[in-house]
Protein chains: 2
Amino acid sequence: MYYFIMYSTIQKFKALGDENRFRILMMLLQKPLCVCELLEVLDIKGGTLSAHLKLLKTAGLINQKKEGRWIVYSISSEKVKSFLTGIESELENKTIIQNDKTIIKDISRDICSSSN
Amino acid sequence: MYYFIMYSTIQKFKALGDENRFRILMMLLQKPLCVCELLEVLDIKGGTLSAHLKLLKTAGLINQKKEGRWIVYSISSEKVKSFLTGIESELENKTIIQNDKTIIKDISRDICSSSN
DNA sequence: ACTATATTTAGCTATATAACTAAATGGAGC
DNA sequence: GCTCCATTTAGTTATATAGCTAAATATAGT
């Protein structure tokens with residue numbers, strides 16, 4: 001008799017335990033975003049961001065969808081969404097999260113150039 | 001103007017994103033336990049366990065209390081407790097967690113020898 | 001004093017993680 | 001076919017993490 005491990009649960013926590021991925025999730029909580037929009041906010045390169053997004057997707061936290069020339073990411077489910085909303089509501093003021101969101105609010109995916 | 005980072009939140013997720021620490025938390029959810037009891041269940045050495053416990057404590061997830069010759073650990077607050085209970089209720093059956101708990105149920109801290 | 005329980009430290013190993021550059025690949029639209 | 005947006009791959013670097021051993025330290029009970 002052996003026992004399975006709760007990998008998927010732990011994998012989700014691991015995914016949440018990184019600053020850039022946490023910021024991505026909080027931004028996606030506001031609205032679905034394409035990769036180039038996320039790149040405008042985060043101080044990382046395109047390849048690095050792709051890796052983070054893949055990890056979040058594998059963990060079951062986000063979804064991917066083609067929209068014309070763009071790939072748009074969003075929170076995977078209502079369940080994850082309400083979980084993250086609860087977390088967000090407990091953050092103290094003046095975290096980088098609030099700053100990210102004000103940037104995201106005024107961003108258009110047409111601004112995006114190849115600053116990869 | 002700069003923005004604080006939500007370190008403590010991310011630190012909690014990091015703490016949760018490790019199998020041994022996750023198992024420790026789930027066991028403490030059942031009842032407070034001393035170090036030697038945890039050592040009976042986990043396949044790690046005393047020094048390693050101490051490090052995990054310190055990390056969980058720093059993250060604000062558990063508390064420490066002297067009880068005679070033992071140091072007893074417990075979940076830090078009702079808030080953390082209900083959070084973990086929610087997580088636990090969503091685990092599929094037959095994870096190692098259920099196994100840990102049946103061992104913990106019948107353990108006494110007097111059994112503990114210096115298997116450090 | 002001595003014992004039991006646990007933590008801490010130093011030193012070590014192995015693996016995982018996060019980032020980069022740069023080039024190649026894929027898919028959609030024009 | 002070419003361009004745009006994004007992913008993937010290969011190769012590299014640096015740091016973090018998890019584990020070990022073994023010795024030292026701390027604290028409480030007997």
Side-chain angles (χ1 to χ4, degrees), chain A residues 5 7 10-25 28 32-59 62-74 107-116, chain B residues 5 7 10-25 28 32-59 62-74 107-116:
Chain A
I5 299 299
Y7 283 126
I10 290 175
Q11 192 183 20
K12 284 186 178 64
F13 285 128
K14 266 194 186 139
L16 284 157
D18 172 85
E19 186 186 323
N20 281 320
R21 287 192 296 266
F22 188 79
R23 287 170 69 187
I24 291 169
L25 289 170
L28 294 183
L33 294 166
C34 71
V35 174
C36 64
E37 290 173 306
L38 291 167
L39 273 179
E40 286 290 311
V41 176
L42 302 170
D43 193 26
I44 52 176
K45 299 296 172 185
T48 304
L49 177 54
S50 274
H52 280 310
L53 291 169
K54 188 179 181 180
L55 194 154
L56 286 168
K57 200 179 135 198
T58 302
I62 63 173
N63 280 335
Q64 215 182 18
K65 192 175 67 172
K66 259 275 180 193
E67 265 184 32
R69 297 184 291 171
W70 298 279
I71 297 180
V72 177
Y73 284 91
S74 55
I107 249 175
S108 159
R109 70 184 56 162
D110 299 318
I111 290 173
C112 303
S113 59
S114 56
S115 57
N116 238 15
Chain B
I5 299 298
Y7 283 126
I10 291 176
Q11 194 184 18
K12 285 186 177 63
F13 285 127
K14 265 194 187 140
L16 284 157
D18 172 86
E19 185 186 323
N20 281 318
R21 287 193 298 266
F22 189 79
R23 287 170 68 187
I24 291 168
L25 289 170
L28 294 183
L33 295 165
C34 71
V35 173
C36 64
E37 289 173 306
L38 290 168
L39 273 179
E40 286 290 313
V41 177
L42 302 171
D43 193 26
I44 52 177
K45 299 295 171 186
T48 303
L49 176 54
S50 274
H52 280 310
L53 290 170
K54 188 179 183 183
L55 195 152
L56 286 168
K57 199 178 137 199
T58 302
I62 63 173
N63 280 334
Q64 214 181 20
K65 192 175 67 172
K66 261 274 179 195
E67 263 184 32
R69 297 183 291 170
W70 297 280
I71 298 180
V72 176
Y73 284 90
S74 56
I107 248 174
S108 159
R109 68 185 56 163
D110 299 318
I111 291 173
C112 303
S113 59
S114 55
S115 57
N116 237 16

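- Each of Val35(B), Leu33(B), Ile24(B) was checked for a side chain to side chain contact (heavy atoms under 4.5 Å, CB included) with Tyr73(B), and the lone residue meeting it is Val35(B).
- Overall bending of the helix from dA1(C)-dT30(D) to dC30(C)-dG1(D), expressed as the angle between end axes built from five pairs apiece, is 30° (10° steps).
- Aromatic ring orientation, Phe13(A) versus Phe13(B): parallel (interplanar angle below 30°, classes split at 30° and 60°).
- With rounding to whole Å, Arg69(B) atom CZ is found 8 Å from dA4(C) atom P.
- Interatomic distance, Leu28(A) CG to Ile62(A) CD1, rounded to the nearest 0.5 Å: 6.0 Å.
- The line from CG of Leu16(A) to CG of Leu16(B) is 9.5 Å long, rounded to the nearest 0.5 Å.
- Residues His52(A) and Leu42(A) are not in side-chain contact: their nearest non-hydrogen atoms beyond the backbone lie 4.5 Å or more apart.
- Rounded to whole Å, the distance from NZ on Lys66(B) to P on dA6(C) is 8 Å.
- Nucleotide dA6(D) holds its P atom 8 Å from the CG atom of Leu39(A), rounded to whole Å.
- Not one side-chain nitrogen or oxygen of Tyr73(A) sits closer than 4.0 Å to the OP1 or OP2 atom of dC5(D).
- In this model, the phosphate group of dA6(C) is not approached by any side-chain N or O of Gln64(B) to a distance below 4.0 Å at OP1 or OP2.
- The separation between Ile10(A) atom CD1 and dA18(D) atom C1' is 14 Å, rounded to whole Å.
- In this structure, the separation between CD1 on Ile107(B) and CD on Glu37(B) is 6.0 Å, given to the nearest 0.5 Å.
- For Lys65(B), the salt bridge (charged side-chain N to carboxylate O under 4.0 Å, His left out) partners are Glu67(B), not counting sequence neighbours.
- Considering only side-chain N and O atoms, Thr48(A) lies under 4.0 angstrom from the phosphate OP1 or OP2 of dC20(C).
- Within residues 14-22 of chain A, no residue has any heavy atom under 4.0 Å from DNA chain D.
- The NZ-C1' distance, from Lys45(B) to dA6(C), rounds to 16 Å in whole Å.
- Comparing Glu67(A) and Leu55(A), the nucleotide of DNA chain C nearest to each residue sits closer to the 5' end for Leu55(A).
- In this structure, Ile71(A) places its CD1 atom 12 Å from C1' of dC4(D), rounding to the nearest Å.
- Protein atom CH2 of Trp70(A) is 18 Å distant from nucleotide atom C1' of dG26(C), rounded to whole Å.
- Here Ile44(B) lies in heavy-atom contact (under 4.0 Å) with sugar-phosphate atoms only.
- What separates NZ of Lys65(A) from P of dA6(D) is a distance of 14 Å, to the nearest Å.
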Full working for side chain to side chain contact (heavy atoms under 4.5 Å, CB included) between Asn63(B) and Ser74(B): CA-CA 5 Å; Asn63(B) 280 334; Ser74(B) 56; 4.2 Å; yes

Side chain to side chain contact (heavy atoms under 4.5 Å, CB included) assessment of Leu53(A) paired with Leu38(A): CA-CA 10 Å; Leu53(A) 291 169; Leu38(A) 291 167; 4.1 Å; yes

